[in-house]
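A quick note: this is a predicted structure, and the numbers were derived from the prediction, not measured. One-based numbering, in listed order, for ligands and for the atoms of each. FYI, side chains are in, hydrogens and waters are out, and symmetry mates aren't considered; it's all heavy atoms of this structure.
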Amino acid sequence: MKVPLLDLKPQYAQIQAEVEPEILAICKSQAFILGPKVQECEAAVAAYCGAAHGVGMTSGSDALIVALMAEGIGPGDEVITTPYSFFATVGAIARLGAQTRFVDIDPVTFNIDGRKLADAVTPRTKAIIPVHLYGQMADMDAVMAVARQHKLVVIEDAAQAIGAEWQGRRAGSIGDYGCFSFFPSKNLGCFGDGGMLTMQDPAKAHRATILRNHGSEPKYYHKLVGGNFRLDALQAAVVTIKLKYLDGWTAGRQANAARYQKLFAQTGLLTSGKVQLPAAVTNRHIYNQFVIRAQNRDGLIAHLRSRDIGTEIYYPVPLHLQECFRDLGYKAGDFPESERAAKETLALPIYPELSDAMAARVVEVIDEFYRG
Ligand SMILES: *Cc1c(COP(=O)(O)O)cnc(C)c1O
């Protein structure tokens with residue numbers, strides 16, 4: 001039995017009858033950029049996330065860039081974030097010419113360690129970017145406490161965490177900004193690239209709206225230098241339709257996580273410490289990924305691949321060790337938990353349509369590996 005890490009085709013089959021006429025209608029209208037479809041999507045996503053405003057973006061990466069631009073963050077400024085994330089988190093800081101200050105992760109959640117945040121603040125610090133990795137929110141109490149004390153902007157990288165909650169509050173509603181991605185492999189994906197910036201403050205929303213359209217207001221008059229960060233109508237329409245299904249899909253992911261817990265408990269792998277499953281310490285983990293720690297991780301990956309089980313390493317090289325960030329002056333050993341996670345972890349299939357038999361097969365193949 002082949003088990004892919006992610007298969008989007010069953011999801012498409014579920015929404016096809018709704019999505020295809022909508023796409024055709026937009027084609028016939030020949031109105032593609034911004035417009036009512038994007039506004040509808042912005043209102044729906046913002047409401048879902050508990051934010052007052054949503055501003056559609058070209059991607060999650062650009063949402064991060066626009067948030068930093070809107071706050072005027074640039075050369076001479078420092079931004080605190082985690083070295084254990086997708087590249088875009090730190091790429092955005094670097095693209096604006098600001099300096100990244102890393103704080104290591106909590107080994108239990110893989111998210112930035114709230115206990116270590118305060119030590120990273122300097123007189124130049126302007127913002128914190130907590131990343132809600134794999135679908136579980138970072139310690140927002142710690143982030144907001146440090147931010148309030150030092151008057152820092154908080155930009156939540158919620159690309160993997162739409163609908164995740166921290167003490168009943170949704171990702172993207174607690175900090176100054178929430179950055180969302182509609183990349184197809186995210187829990188709410190469109191049919192290409194897309195993203196959204198959320199916020200509570202109308203002035204911030206207004207600024208982001210201008211910045212995404214070359215800083216133009218009114219048309220052809222520019223007080224700010226922005227860019228083309230516009231979401232298009234086709235992607236927005238897909239997101240709006242899919243959003244109605246998102247809670248059901250999230251429940252499917254959570255059920256799969258619970259199923260893995262049960263299946264692994266029936267092997268000796270957890271008690272022997274060969275495998276460690278992810279811990280849900282917040283009340284709503286949405287499992288964009290199901291990432292485990294495993295002894296002899298690389299051997300296990302080779303074995304899974306040989307048995308047609310999809311897996312991936314998120315992420316094999318922590319960001320402080322990336323060649324392009326060498327000028328930040330970090331070295332191996334600086335963030336031991338991030339480095340250890342990069343060596344020990346792998347993702348297992350968790351998408352909503354994964355069947356009982358497929359999950360059982362994944363665990364069987366892992367068990368087979370450790371029994372030799
Ligand atoms: C996917 C992702 C992004 C970037 O989103 P894109 O839409 O692909 O640009 C940023 N941060 C994290 C943590 C992500 O997972």
inquiry  = Main chain of Tyr287, side chain of Arg253: is a donor-acceptor contact present, judged purely on distance under 3.5 Å?
reply    = yes

Salt bridge Asp119-Lys116, side-chain N to carboxylate O under 4.0 Å = no

key: Closest protein heavy atom to atom 7 (O) of ligand 1, given as residue, atom name and distance to 0.1 Å   = Ser181 OG, 2.6 Å

message = So which atom in Ala171 and which in Ala161 form the shortest heavy-atom distance, rounded to 0.1 Å?
response = CB-O, 3.3 Å

ask   = Is Ser85 touching ligand 1 with its side chain, its backbone, both, or neither, if touching means heavy atoms under 4.0 Å apart?
value = side chain

remark   = Residues Arg305 and Thr311: closest non-hydrogen pair is NH2-O, 3.2 Å

query = What do you reckon, does Asp193 put a non-hydrogen atom under 4.0 Å from ligand 1?
reply = no

ask   = Counting each atom of ligand 1 from 1 as listed, which ones have a heavy atom of Val131 under 4.0 Å away?
value = 13 (C)

query = Sub-3.5 Å donor-acceptor pair from the side chain of Arg101 to the main-chain atoms of Thr125, do we have one?
reply = no

remark   = Within the 4.0 Å heavy-atom cut-off, what Leu133 brings close to ligand 1 is neither

query = Under 30°, 30 to 60°, or over 60°: which ring-plane class applies to His320 and Phe335, parallel, tilted or perpendicular?
reply = perpendicular

note = closest protein heavy atom to atom 15 (O) of ligand 1 is Gln160 NE2, 2.8 Å

task = Give the residue and atom name of whichever protein heavy atom lies nearest to atom 11 (N) of ligand 1, and the separation in Å to one decimal.
result = Asp157 OD2, 2.8 Å

note = Under 4.0 Å between heavy atoms, the region of Ala88 that gets near ligand 1 turns out to be side chain

remark   = Test side chain to side chain contact (heavy atoms under 4.5 Å, CB included), reference Met358, set Met1, Lys2, Glu353, output is Met1

ask   = For Lys186, is the nearest heavy atom under 4.0 Å from an atom of ligand 1?
value = yes

key: Phe102 vs Leu328 side-chain heavy atoms within contact, under 4.5 Å   = yes

inquiry  = How far is atom 4 (C) of ligand 1 from the closest protein heavy atom, and which atom is that?
reply    = Ser61 OG, 3.5 Å

query = Does Phe182, backbone or side chain, put an N or O under 3.5 Å from an N or O of ligand 1?
reply = no

query = Which ligand 1 atoms are under 4.0 Å away from a heavy-atom of Ser59?
reply = 7 (O), 9 (O)

ask   = Do you know the tightest heavy-atom contact between Leu304 and Val365?
value = CD2-CG1, 3.9 Å

task = Check ligand 1 against Ala159 and write out every atom of the ligand that is under 4.0 Å from a heavy-atom position of the residue.
result = 2 (C), 3 (C), 10 (C), 11 (N), 12 (C), 14 (C), 15 (O)

